[in-house]
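What follows is a set of notes on a single structure, which appears directly below.
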Number of protein chains: 2
Amino acid sequence: MHGKHASSFHENISKIRSLIVQAALVPGDRLPSERELAETLSISRASVREALRALSFLGIVETRHGGGTFLCEQDRHRYIEILSEFIVTKQTKATDIVEMLRLLERLAFSEVEPTPERVQALESNLEVDRLFRQQLVFGLKNELFIRIWSEVNRFYEGTDTGDLYTLEERTELLEMWRKVGMPE
Amino acid sequence: MHGKHASSFHENISKIRSLIVQAALVPGDRLPSERELAETLSISRASVREALRALSFLGIVETRHGGGTFLCEQDRHRYIEILSEFIVTKQTKATDIVEMLRLLERLAFSEVEPTPERVQALESNLEVDRLFRQQLVFGLKNELFIRIWSEVNRFYEGTDTGDLYTLEERTELLEMWRKVGMPE
DNA sequence: ATCTCTAAAGTGGTCAGACCAATTAAACAG
DNA sequence: CTGTTTAATTGGTCTGACCACTTTAGAGAT
């Protein structure tokens with residue numbers, strides 16, 4: 001019944017990755033040409049290209065028009081296990097989400113200058129955890145930072161409805177911030 | 001007969017993304033078929049597939065064999081879409097990228113415990129800016145953090161080939177870290 | 001009419017061959 | 001040996017076809 005097509009997308013990626021390891025390629029080396037890979041792996045060139053494009057997106061290989069396909073620098077190559085696994089499985093640990101949020105907010109806390117206006121705004125949002133954290137992060141004028149925080153936070157709120165900090169913690173944070181902003 | 005090859009990979013992704021927005025598709029909706037997209041966007045189906053595969057890898061769309069291509073639930077991993085949009089459209093301020101990287105790396109610097117092994121690993125990568133920063137960030141075992149940093153860093157390296165820190169700065173960072181790790 | 005089941009249409013997945021565009025290596029003239 | 005030109009190599013795109021899976025519409029039975 002099944003299967004004249006013995007290849008699948010993920011299998012092809014594995015094949016190429018195995019070939020990279022087996023050939024003992026080092027960063028900077030050139031991979032076999034797409035036509036050569038197609039014949040070696042017994043798959044069509046279109047499939048080879050889709051697999052290479054995926055590897056390119058993962059930062060594992062780099063293609064140069066007319067030049068060839070090259071193995072990226074080693075630091076990117078080390079991401080293979082983490083990134084490919086991450087993307088394929090699409091599973092994120094809830095603890096990673098919480099930790100990421102805490103890290104970003106602590107970063108904002110230490111980077112944003114505690115002007116009286118900001119301290120006042122933060123104090124007025126002391127009661128509501130979500131508003132408090134948002135107010136804190138928005139002190140950073142970095143749009144990229146804010147958007148990343150927003151999306152991570154949205155994901156967090158979609159899975160966990162509890163507060164990230166207790167009222168006591170928020171109060172303590174605010175006090176620390178106020179002291180820094182008002183020396184003496 | 002043959003077209004003009006007026007399309008490029010990144011342009012095609014933007015086209016499809018624009019089409020998603022223009023059609024006001026919501027998560028769960030089905031996109032037009034690959035053949036239909038090819039005709040609408042005046043590109044070959046192979047190019048449509050490569051673009052869709054990229055969007056699939058980014059967690060934006062999901063393909064079902066025989067069923068169609070669907071817009072993913074945006075609540076999950078939407079941060080990837082944000083990052084991909086930055087990458088594709090390249091409309092992000094370069095200063096935001098650099099600042100974001102510095103913030104994330106400073107975060108790793110302050111959060112990761114400077115064990116002798118880590119200090120040694122960092123020292124061995126002191127010469128190469130890229131490796132140094134990667135080694136620093138990988139101290140955090142948070143996969144989400146690493147993934148986000150990787151995406152931002154990849155975009156940075158795609159636009160700027162210079163070092164993020166000078167050798168002096170890296171040396172200073174390492175020394176500070178070493179002192180913290182080895183209290184008197 | 002309604003229900004069930006089957007066949008056709010629709011859609012993603014793969015393949016094959018061709019041509020275009022950019023790079024690289026070889027051939028050539030000086 | 002050097003610089004230029006030419007041919008071969010390689011990635012990028014296009015076209016059309018067929019396969020595998022899903023959905024749907026229609027025929028047939030109740």
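As the structure is a prediction and not an experimental result, all values here were calculated from the model. Naming: A, B, ... by sequence-line order, numbering from 1 per chain.
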Heavy atoms from C-beta onward define the side chain here; which of D/dT10, D/dT15, D/dC18 lies closest to that of B/Ser44? D/dT15

Using only side-chain N and O atoms of A/Ser47, determine if any of them is under 4.0 Å from OP1 or OP2 of C/dC15. yes

Got a salt bridge between A/Arg53 and A/Glu50, using NZ or NE/NH1/NH2 to carboxylate O under 4.0 Å? no

On a plain distance test, is the side chain of B/Arg53 in donor-acceptor contact with the base of C/dG12 below 3.5 Å? no

Taking only N and O in the side chain of B/Thr69, is any of them less than 4.0 Å away from OP1 or OP2 of C/dT11? no

Do A/Leu41 and A/Ile16 make a side-chain contact, defined as non-hydrogen atoms from C-beta onward lying under 4.5 Å apart? yes

Using whole Å, what does the distance between atom C1' of nucleotide D/dT10 and atom CG of A/Leu37 come to? 12 Å

Select one nucleotide: of C/dA21, C/dC19, C/dG13, the one nearest the side-chain heavy atoms of A/His65. C/dA21

Would a 4.5 Å heavy-atom cut-off, applied to side chains only, mark B/Asp163 and B/Arg170 as touching? yes

Establish whether the base of C/dG13 is bridged to the side chain of B/Arg45 by a donor-acceptor pair shorter than 3.5 Å. yes

A side-chain contact here means heavy atoms from C-beta on lying under 4.5 Å apart; do B/Val112 and B/Val137 qualify? no

Nearest listed nucleotide, side chain of B/Ala46, among C/dC15, D/dT15, C/dA18: D/dT15

Toward the 5' end of DNA chain C, which comes first, A/Gly67 or B/Glu34, by nearest nucleotide? B/Glu34

Whichever of B/Arg35 and B/Glu50 has its nearest DNA chain D nucleotide further upstream toward 5': B/Glu50

4.5 Å side-chain heavy-atom contact, B/Leu71 and B/Val26: no

Sugar-phosphate only, base, or nothing, as touched by A/Arg64 at under 4.0 Å among non-hydrogen atoms: sugar-phosphate

For the side chain of A/Arg49 and the base of D/dG11, is some donor closer than 3.5 Å to an acceptor across the two? no

What is the distance, rounded to the nearest whole Å, between atom CG of B/Leu55 and atom P of C/dG12? 14 Å

Would one find a side-chain N or O of A/Thr63 under 4.0 angstrom from OP1 or OP2 of D/dT10? no

